[in-house]
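Heads up: the structure comes next, in structure tokens.
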Amino acid sequence: IKNGSYVEMYANKKLSAFIGEDFTYCIRNYAGEYFDYKRFANGVEFRKFYVNRKELAEVSKEYSKLTKSEKKAMFMGYNNRAFTTAIFVSGYSTSDVIETEDAEEIGDGFVIGVNPEFINDAMNGLDSEMVTMGFTNRKSPIIVSDGEYKGYVLPVNISGMEIDNFIGYTAA
């Protein structure tokens, strides 16, 4: 909790709620090992890299504004030796290259879709300049961490055609 603010937390077997001064988050609780951090972080397929938190927060905030009227995914991927984000909304598209370290671990052509508001919330909840992001595949949760705190951002489904569009758009 930042700036001395407080959050009320409520939970039952199905839901958890976090209520602050200007927000309320309700999260469905999952049983089992689906969200077990160690399961992902120690897996052979786990890809981990470092991203500039402020840059990704600013970009995702702008993308959130663009997607207010449309439910569109923010694309994040590694292509042509750069970690790039992009958004495609009715008649408008934009992309940004975000500062990263060790992003080549992701592998060229990797693309994942996320809700830009969720990435923005995750980045604003961390303190470090460079934060860790990791995932196993484009359908698994993205794990974000600044060393002290860990969070999950669930991806959204994106089609093969959308992936091809992202790769073509960012390759130019």
Side-chain angles (χ1 to χ4, degrees), residues 25 27-28 30 32-37 39-126 128-146 150-172:
Y25 290 111
I27 303 169
R28 182 173 175 221
Y30 290 90
E33 294 188 16
Y34 184 73
F35 287 96
D36 181 7
Y37 175 76
R39 177 178 161 217
F40 291 112
N42 296 323
V44 174
E45 300 279 326
F46 188 74
R47 297 174 179 103
K48 179 173 80 170
F49 64 103
Y50 302 92
V51 64
N52 185 297
R53 179 188 64 81
K54 287 182 182 177
E55 282 185 41
L56 189 53
E58 287 174 19
V59 165
S60 58
K61 181 179 180 180
E62 290 304 311
Y63 289 2
S64 293
K65 291 175 187 175
L66 292 171
T67 62
K68 279 292 183 199
S69 61
E70 302 176 40
K71 294 288 185 190
K72 296 287 186 173
M74 170 181 161
F75 294 85
M76 298 189 306
Y78 187 74
N79 202 28
N80 292 333
R81 306 177 93 181
F83 180 70
T84 307
T85 61
I87 195 88
F88 305 99
V89 291
S90 52
Y92 181 78
S93 57
T94 187
S95 67
D96 293 275
V97 175
I98 307 295
E99 178 187 347
T100 58
E101 295 173 11
D102 298 332
E104 63 276 359
E105 297 279 328
I106 302 169
D108 236 11
F110 180 81
V111 181
I112 193 166
V114 295
N115 181 322
E117 288 184 49
F118 295 166
I119 284 290
N120 185 268
D121 289 346
M123 293 300 109
N124 286 323
L126 303 173
S128 298
E129 181 179 337
M130 296 297 281
V131 298
T132 305
M133 291 184 76
F135 42 79
T136 56
N137 59 54
R138 67 181 177 92
K139 294 192 179 215
S140 69
I142 300 167
I143 300 168
V144 296
S145 174
D146 66 357
K150 288 183 182 78
Y152 296 98
V153 178
L154 297 177
V156 298
N157 287 328
I158 52 177
S159 71
M161 187 174 76
E162 290 174 309
I163 292 169
D164 291 344
N165 287 343
F166 173 82
I167 291 171
Y169 185 78
T170 58

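Throughout, numbering of the chain's residues begins at 1 and tracks the sequence. These numbers come from the heavy atoms of this one structure, side chains and all, not from hydrogens, waters or symmetry mates.
- In this structure, CG in Asp121 is found 11.0 Å from CG in Leu126, a value given to the nearest 0.5 Å.
- For Val144 against Ala122, the heavy-atom pair with the smallest separation is CG2-CB, 3.9 Å.
- Note that OG1 of Thr170 is 10.5 Å distant from CG of Asn165, once rounded to the nearest 0.5 Å.
- The closest side-chain heavy-atom distance from Tyr63 to Thr94 is below 4.5 Å.
- Residues satisfying the salt bridge (Lys or Arg N to Asp or Glu O under 4.0 Å) test with Lys54, not counting sequence neighbours, are none.
- Between Asn157 and Lys139, some side-chain heavy-atom pair lies under the 4.5 Å cut-off.
- The neighbour count for Phe49 CZ, taken as heavy atoms of other residues, nucleotides or ligands under 6.0 Å away, is above 12.
- Interatomic distance, CD1 of Ile98 versus CZ of Arg53, reported as 13.0 Å (0.5 Å rounding).
- Leu56 and Thr85 get closest at one heavy-atom pair: CD1-CG2, 3.9 Å.
- The minimum heavy-atom distance linking Ser95 with Thr84 is given by the pair CB-CG2, 4.1 Å.
- Residues Phe83 and Val97 are not in side-chain contact: their nearest non-hydrogen atoms beyond the backbone lie 4.5 Å or more apart.
- With rounding to the nearest 0.5 angstrom, the OG atom of Ser93 is 11.5 Å from the CZ atom of Phe166.
- Applying the side-chain contact (heavy atoms from CB on, under 4.5 Å) criterion to Phe110, with sequence neighbours excluded, gives Arg47, Ile106, Ile112, Phe135, Arg138.
- Annotation for Phe118: atom CZ does not count as buried by contact number, only 12 or fewer foreign heavy atoms lying within 6.0 Å.
- Contact record, Lys72 with Pro116: O-CD, 4.1 Å, taken as the closest heavy-atom pair.
- Applying the salt bridge (Lys or Arg N to Asp or Glu O under 4.0 Å) rule to Glu117 yields the partners Lys68; only residues at least two apart in sequence or on another chain are considered.
- Looking only at distances, a side-chain donor or acceptor of Ser159 sits under 3.5 Å from a matching main-chain atom of Glu162.
- Within the 4.5 Å cutoff, no side-chain heavy atoms of Met123 are placed close to those of Val153.
- A salt bridge links Lys65 to Glu62: at least one charged side-chain nitrogen sits closer than 4.0 Å to a carboxylate oxygen.
- Closest heavy-atom contact between Val89 and Leu66: CG1-O, 3.8 Å.
- Side chain of Asn120 to main chain of Ala57: a donor-acceptor pair is present (N/O by atom type, distance under 3.5 Å, no hydrogens or angles).
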- Message: Before you tell me yes or no, could you show the steps for Met76 and Ile142 under side chain to side chain contact (heavy atoms under 4.5 Å, CB included), namely the whole-Å CA-CA distance, both residues' side-chain angles and the distance that decides it to 0.1 Å?
- Response: CA-CA 11 Å; Met76 298 189 306; Ile142 300 167; 3.7 Å; yes
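- Side-chain contact between Asn52 and Met130: present, with at least one pair of heavy atoms (C-beta onward) separated by less than 4.5 Å.
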Determine whether Phe88 and Tyr169 satisfy the following criterion, ring-ring contact (aromatic ring centres under 6.0 Å, His included), listing intermediate values before the conclusion. CA-CA 10 Å; Phe88 305 99; Tyr169 185 78; 5.3 Å; yes
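- The two residues Ile87 and Ala73 make their nearest non-hydrogen contact at CD1-O, 3.2 Å.
- Judged purely by atom type and a 3.5 angstrom limit, Glu55 uses its side chain to pair as donor or acceptor with the backbone of Glu99.
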